[in-house]
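Structure first, then comments.
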Protein chains: 2
Amino acid sequence: MSPETNQARHDRDSVARSALALLDEVGLADLSMRRIAARLDVQPSALYWHFTSKQELLAELADRITASIPRGSDGVLATARGIRDALFTHRDGAELVLSTYALQLGSSHAQSVLTAALEAHGAPDAADRGAAILHFVLGHATLVQQRMHADSHGALPTAGEIDVTAGLDRVFDLGVTALAGVLSAPATPPRARA
Amino acid sequence: MSPETNQARHDRDSVARSALALLDEVGLADLSMRRIAARLDVQPSALYWHFTSKQELLAELADRITASIPRGSDGVLATARGIRDALFTHRDGAELVLSTYALQLGSSHAQSVLTAALEAHGAPDAADRGAAILHFVLGHATLVQQRMHADSHGALPTAGEIDVTAGLDRVFDLGVTALAGVLSAPATPPRARA
DNA sequence: ACCTGAACACCGTTCAAGT
DNA sequence: ACCTGAACACCGTTCAAGT
């Protein structure tokens with residue numbers, strides 16, 4: 001009985017996976033190194049063998065979230081939805097990716113997927129439009145996700161029976177198609193050019 | 001010599017102003033209740049006479065930042081720039097307003113100024129476009145502001161001599177004009193309708 | 001009306017030392 | 001290679017008590 005007696009012995013991957021699971025349970029604000037350590041039955045200082053700082057751990061989590069973004073979706077809108085949905089996969093995922101991206105840590109996978117989709121569509125300023133769409137998606141998703149969670153637990157001024165999330169999908173689609181350029185706008189079919 | 005002997009005696013306004021000044025010096029991450037209290041020569045617990053929580057204080061700061069957004073600028077792009085510049089007026093202003101707005105605390109002054117500008121321009125979906133532009137501006141400004149400050153202090157992977165801020169103004173203008181609708185696009189002058 | 005003093009339950013990080 | 005134990009310098013918040 002030497003293999004799984006009860007000693008833990010973790011590595012980078014097991015720490016990150018445990019942290020990601022804890023993120024879903026308690027949210028980013030309560031995701032502390034001490035809580036992660038407790039979940040692994042380990043002293044807080046043990047985490048610093050695997051990650052040099054909390055920031056590095058968070059960057060790893062952000063990378064795992066963006067890594068699940070599907071490449072080569074059909075069209076810019078579908079790609080943008082893929083990014084948004086990846087952010088929504090984990091609690092506070094948008095906020096986490098936004099702040100990590102701002103500090104220029106973590107990969108730029110989302111950015112590259114977006115510009116690829118734009119180039120495939122023949123957009124003129126693929127790089128600039130890709131950046132703009134990414135900024136919009138991150139801002140939008142951060143706002144919506146925080147609001148969604150605040151709604152589910154009643155901790156805000158409830159304005160009657162109105163669902164605050166209603167209409168936000170419409171705003172998202174409008175935003176992405178507008179930023180992508182006239183080519184992929186759904187309401188106005190592209191007029192054949194001479 | 002009774003008026004200004006040395007006793008402090010503060011109110012809501014003096015606390016908020018001191019906190020805003022400290023924000024510019026140390027940034028949002030290091031803006032603690034204890035630091036604000038120290039700056040006012042007061043015990044940390046004294047702050048809770050004026051604000052029920054740190055979150056309420058931060059919401060007040062966010063309101064003061066957005067209150068400086070000018071109403072009735074000429075055009076949607078100018079209005080959006082006014083919002084961005086107001087966020088840039090204080091260190092981490094964009095991040096602060098974004099997170100406060102997400103929690104649905106603080107005023108929606110920025111939102112209303114934007115939709116007003118859009119309606120004045122005769123945009124069809126003024127409310128939706130206003131929301132989309134606000135999400136874009138908040139996401140964009142948060143990203144840019146964090147990157148700007150990381151640049152000025154050398155704490156990131158410097159990719160040669162390239163200025164990271166270069167081209168971001170272009171992305172901002174492109175994003176806002178695209179989201180506002182074809183009417184106010186600068187590169188393509190509005191073709192006279194029949 | 002506004003503040004002190006003391007406490008409670010937490011943080012991230014470092015570092016010698018253990019196995 | 002991976003972890004413990006103990007410490008350091010912090011947090012936000014509460015609450016009785018002072019003036």
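A note on names: the letters A, B, ... follow the listed sequences, proteins ahead of strands, and every chain is numbered from 1. Quantities reported herein were computed from a predicted structural model and do not represent experimental measurements.
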### Query
Is atom CZ of A:R12 surrounded by more than 12 heavy atoms (other residues, nucleotides or ligands) closer than 6.0 Å?
yes
### Message
Taking 4.0 Å as the cut-off, does a side-chain nitrogen or oxygen of B:H50 come that near to OP1 or OP2 on C:dC3?
### Response
yes
### Message
I'd like to know whether CG of A:D11 has more than 12 heavy-atom contacts from other residues, nucleotides or ligands below 6.0 angstrom.
### Response
yes
### Query
Roughly, in whole Å, what's the span from CG in B:L28 to C1' in D:dC11?
14 Å
### Task
Kindly indicate, with the supporting measurements, whether the criterion side chain to side chain donor-acceptor pair (under 3.5 Å) is fulfilled by A:Y101 and B:Q146.
CA-CA 10 Å; A:Y101 184 77; B:Q146 229 129 320; over 6 Å; no
#### Entry: Spacing between B:L57 atom CG and D:dT13 atom P, to the nearest angstrom
10 Å
### Task
Classify the nucleic acid contact of A:S45 as base, sugar-phosphate or nothing, counting any heavy atom under 4.0 Å across all strands shown.
base
### Message
Just the rounded figure in Å: distance from P of C:dC2 to CD of B:Q43.
### Response
18 Å
### Query
Within a strict 4.5 Å, meaning less than it, do heavy atoms of the B:R91 and B:L28 side chains meet?
no
### Query
Which comes earlier along DNA chain C counting from the 5' end, the contact point of B:P44 or that of A:S32, where each point is its nearest nucleotide?
B:P44
### Interatomic distance where CE belongs to B:M33 and P belongs to C:dC3 [whole Å]
13 Å
### Task
Taking atom P in both C:dC2 and D:dA17, compute the distance separating them and give it to the nearest angstrom.
22 Å
### Geometric class of the A:H140/B:H135 ring pair [parallel <30°, tilted 30-60°, perpendicular >60°]
tilted
### Message
Under 4.0 Å, counting only non-hydrogen atoms across every strand here, what does B:R35 touch: a base, just sugar-phosphate, or nothing?
### Response
sugar-phosphate
### Task
Tell me the partner of D:dT19, counting only Watson-Crick (N1-N3 plus N6-O4 or O6-N4) or G-U wobble (N1-O2 and O6-N3) with both under 3.5 Å; none if nothing fits.
C:dA1
### Query
Could you state the CD-C1' distance from B:Q55 to D:dG12, rounded to the nearest angstrom?
12 Å
### Message
Rounded to whole Å, how long is the line connecting atom CG of A:L47 with atom P of C:dC15?
### Response
17 Å
#### Entry: Whole-Å C1' distance, C:dA16 and D:dC3
13 Å
### Task
Would you mind telling me which residue lines up with the more 5' stretch of DNA chain C, A:A46 or A:D30, judged by nearest nucleotide?
A:D30
### Query
Mind checking who D:dT14 pairs with, Watson-Crick or G-U wobble, both distances under 3.5 Å?
C:dA6
## Note on the structure
Whole-Å distance, A:R34 CZ to D:dA7 P, equals 13 Å
